[in-house]
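To keep things clear, I will list the structure first and then write my remarks on it.
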2 protein chains.
Amino acid sequence: MALADTTEAAERMALVLTQGGLQKATARVLAALLFADSDSVTAPQLAEGLGISSGSVSGAIKMLSTVGLIEKVPAPGSRREHYRLREGAWATLMSAQNSTVQAMFEAADQGIAATGADAPAARRLAEMRDFYGFMFRELPALVERWQAERSRC
Amino acid sequence: MALADTTEAAERMALVLTQGGLQKATARVLAALLFADSDSVTAPQLAEGLGISSGSVSGAIKMLSTVGLIEKVPAPGSRREHYRLREGAWATLMSAQNSTVQAMFEAADQGIAATGADAPAARRLAEMRDFYGFMFRELPALVERWQAERSRC
DNA sequence: TCAAACTTTCAAAAATCTCTGAAAGTTCTG
DNA sequence: CAGAACTTTCAGAGATTTTTGAAAGTTTGA
């Protein structure tokens, strides 16, 4: 049955997302939105479909909205809140992860300040700082390159 | 006191590493190796200095070695095992994270296969697949660019 | 080869994180 | 405006992860 197949694929997707750091309920909500047959989905539909509590759905929606992965659908009539995956969500997510890169850069930089430039640790910290500094500069450019390439098609 | 400052910086670093997904003991071991005053450090030194059990140190070393962040030091005399941060560790780490990107790509690809290309989900999954496909192709090149730039200096 | 020092393993304790369920708060519709 | 349906919040139950501590296994040097 086709539905079973997509459910299984969605659960596999949720597993991957979990390994990427999302909690289980959140990952399943995101996967459900990815695999949804309609343009948007309501919270009760998610709770029902996934067999989780409304509280879990609420928490998942809050988290995914904060990160910018999903959004409320403007007003498809005037019914209750509908949610859907945002356009360009993945690029947004990658940009968000760039703040982790920034944190690594800053931690290394502060480390150098704390050790003094001639300590043995300084060389190690400098390599770290330079690497994450490079990535922090270049990753946004990479994402932009993707967006440019995409809009060209 | 200078030592206190570097300890504090190391703990801050450990916190950042924790947010990056490492468990606490592992993050503290890595930070200790980053901030160490000597070229290499033994497991008992780490356990003593961090106030954690030898079992935790062993687990941390195992994990960090597997990922390629640290290495045994060949033979600084012939004493017990010494460990240190590997040269180019951060580039290695970034490359390892690329396998997460690959997993995302593959999950999206399998999702498309499961839904059929005309389902509403297919467009969403295709955007995801294309994005992670792009990143999976381009990230290694970015790391290489870093390495080239670094060796030039 | 033996003793000492180190390392690894693993079960159980401790700590942490996640989910639920119910109550309180909203918003819509009749 | 009242009732119904939905949403949010949060304390506590439940699940999971992490750490420890101790025993077993190694390695080293005399």
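All values below come from the heavy atoms of this structure, side chains included, with hydrogens, waters and symmetry mates left out. Letters A, B, ... are given to chains in the order of the sequence lines, protein chains preceding strands, and every chain is numbered from 1.
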Has [X] got a side-chain N or O lying under 4.0 Å from the OP1 or OP2 atom of [N]?
| X | N | answer |
| --- | --- | --- |
| A:Gln23 | C:dC17 | no |
| A:Ser56 | C:dC19 | no |
| A:Lys62 | D:dT9 | yes |

Could you check how far [atom1] of [X] sits from [atom2] of [N], rounded to whole Å?
| X | N | atom1 | atom2 | result |
| --- | --- | --- | --- | --- |
| A:Tyr83 | D:dT7 | OH | C1' | 8 Å |
| B:Leu46 | C:dT8 | CG | P | 12 Å |
| A:Met63 | D:dT9 | CE | C1' | 19 Å |
| B:Gln19 | C:dC17 | CD | C1' | 16 Å |
| A:His82 | C:dT27 | NE2 | P | 17 Å |
| A:Ile52 | D:dT8 | CD1 | P | 14 Å |

For residues 108-120 of chain B, dump all side-chain donor-acceptor pairs below 3.5 Å to protein atoms at least two apart in sequence or in another chain.
from	atom 1	to	atom 2	distance (Å)
B:Asp109	OD1	B:Arg129	NH1	3.4
B:Gln110	OE1	A:Arg12	NE	2.9
B:Thr115	OG1	B:Gly111	O	3.3
B:Thr115	OG1	B:Ile112	O	3.3

N-O pairing of B:Glu138 and B:Arg145 below 4.0 Å: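 Judged by the 4.0 Å cut-off on N to carboxylate O distance, B:Glu138 and B:Arg145 do not form a salt bridge.
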Salt-bridge present (A:Glu127, B:Arg86; N to O < 4.0 Å):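 Judged by the 4.0 Å cut-off on N to carboxylate O distance, A:Glu127 and B:Arg86 do not form a salt bridge.
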By nearest atom, which of the nucleotides D:dT9, C:dT8, C:dT20 is closest to the B:Ser54 side chain? C:dT8
State which of D:dC6, D:dT19, C:dT8 makes the closest approach to the side chain of B:Lys24.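 Within the option list, the nearest is D:dT19.
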Suppose we call a contact any N or O donor and acceptor under 3.5 Å apart; does that hold for the side chain of A:Arg80 and the base of D:dT7? no
In a table with atom names and distances, give each donor-acceptor pair under 3.5 Å that connects a side chain of residues 54-70 of chain B to protein atoms at least two apart or in another chain.
from	atom 1	to	atom 2	distance (Å)
B:Ser56	OG	B:Ser53	OG	3.3
B:Ser65	OG	B:Ile61	O	2.7
B:Thr66	OG1	B:Lys62	O	2.8

By the 4.0 Å heavy-atom rule, please label A:Ile61 as base, sugar-phosphate, or nothing. nothing
